[in-house]
Amino acid sequence: MPELPEVETVRKSLETAVVGARVGHVEVGRERSVRRTSPAMLSAGLIGNTFTTARRRGKYLLFDLSSRDTMMVHLRMSGRLLLADPTDAREPHTHVVIRLVRSGHSDIDLRFVDPRTFGEVVVYDPNDIDPNTNEAFLVPEVGRLGIDPLVDNFTFEEFRAAIGVRHRGAKAVLLDQSVIAGIGNIYVDEILHRSRIRWNRPVSSLSIKQLRLIHDSTILILNEAVAAGGSTLKDMQYVDALGREGIFQTEHKVYARQGERCLSCARGVIRRVTGAGRSTHFCPVCQR
DNA sequence: AAACAAACCTGTGCGC
DNA sequence: TGCGCACAGGTTTGTT
């Protein structure tokens, strides 16, 4: 479900409540959600410690702790992080509950809800580094992430250097989290549409002008989507930590609009094709 | 190197 | 109404 704009919206919506809060107790109702370690290790890593940051890299949420450990949360397809009054009824599929204690405030729950259980929560030591790869032992993939368009200095030169001289299709490259971190299946289709480039165009065949267009569109769309609070689709699964829906889905030009008239050129009809197990939406007339 | 398929799970929406 | 199938925002792993 959530891509960079959704994860960023979640991050912003829980930052005030989480940063500075101490963990009172932890409940794990589903071991799979903490599969990288264990319920005991999650509790031991959290209880008594205070969150000092609520960061994001790509689609990864990173909460630094006073112990110098970090809690990583990945929502994958169906995960949600919700702030709730501890007396509020729990949503179905609430797998992890972290009780936050804040001086001068009443306690609050940070709840990890995840029907499909692809998501996960793990506490790890970011300084426990594998000297061979320079990546954290427990969560190496965060160290493999490419440029984050919002967190990093996402200049055109950096973008071009990250893409390199490959022959892969434009969509595959933009979805590659080790190139750019945070773009997923909805936003990649929207970015390429705005850039008027076909999903399977080899990046090696793109002109500097077209690369600039992709770079500009990426920044534009991701920022607009964050400003809109992300995209809440028909299934209404995605909401921020306070339960608020996003409204960027009303701005989608191609995603889930197959069969409809292209809003950009007014001539093409949006097509949906399937490849590598994912759906791709584009206008065959204005995307070349 | 790059493209693809399958795997991990559950819920929903569709056609029959 | 009910059943079976296709499909869903992500990522990893293994195979062509």
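In the text below, chain A, chain B and the rest are named by the order of the sequence lines, each starting its count at 1. These values consider heavy atoms only, across backbone and side chains, with no hydrogens, waters or symmetry-generated copies.
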inquiry  = Within a 6.0 Å radius of atom CZ on A:R198, are there more than 12 heavy atoms belonging to other residues, nucleotides or ligands?
reply    = yes
- Query: Expressed in whole Å, how much space separates the P atoms belonging to B:dC9 and C:dC3?
  - Reply: 25 Å
Closest to the side chain of A:R30, out of C:dT12, C:dG10, B:dT10, is B:dT10
Check: Does A:S78 place a side-chain N or O at less than 4.0 Å from the phosphate oxygens OP1/OP2 of B:dG11?
Finding: no
Every stem of 3 or more Watson-Crick or G-U pairs under 3.5 Å that DNA chain C joins, in order of first number, is B:2-8 with C:10-16, B:10-16 with C:2-8
Classify the ring geometry of A:F159 against A:F156: parallel below 30°, tilted from 30° to 60°, perpendicular beyond 60°. tilted
Check your understanding: Are OP1 or OP2 of C:dT11 and a side-chain N or O of A:H74 less than 4.0 angstrom apart?
Key -> yes
* To do: Please check the phosphate of C:dT11 (OP1 and OP2 only) for any side-chain N or O of A:K59 closer than 4.0 Å.
  => yes
Separation between OG1 (A:T232) and CD1 (A:I247), nearest 0.5 Å, reads 9.5 Å
Among C:dG10, C:dA8, B:dA2, the one nearest any side-chain atom of A:Y255 is C:dA8
Exercise. Ignoring hydrogens and geometry, is there a side-chain-to-backbone donor-acceptor pair from A:E190 to A:K253 under 3.5 Å?
Worked result: yes
If the cut-off is 4.0 Å, is A:R116 near the phosphate of C:dG10, judged by side-chain N/O to OP1 or OP2?
no
Determine: side-chain N/O of A:H93 to OP1/OP2 of B:dG11, distance under 4.0 Å, yes or no.
yes
Below the 4.0 Å mark, does C:dT11 have OP1 or OP2 next to a side-chain nitrogen or oxygen of A:Q177? yes
- prompt: In terms of ring plane angle, is the pair A:H215 and A:F154 parallel, tilted or perpendicular, where the classes change at 30° and 60°?
  reply: tilted
Exercise for review: Determine: side-chain N/O of A:R32 to OP1/OP2 of B:dT10, distance under 4.0 Å, yes or no.
Suggested key: no
- Query: If the P atom of C:dG10 is compared with that of B:dA1, how far apart are they to the nearest Å?
  - Reply: 25 Å
Those residues at least two apart in sequence (or on a different chain) that pass side chain to side chain contact (heavy atoms under 4.5 Å, CB included) with A:E120 are A:R35, A:R36, A:M72, A:R76
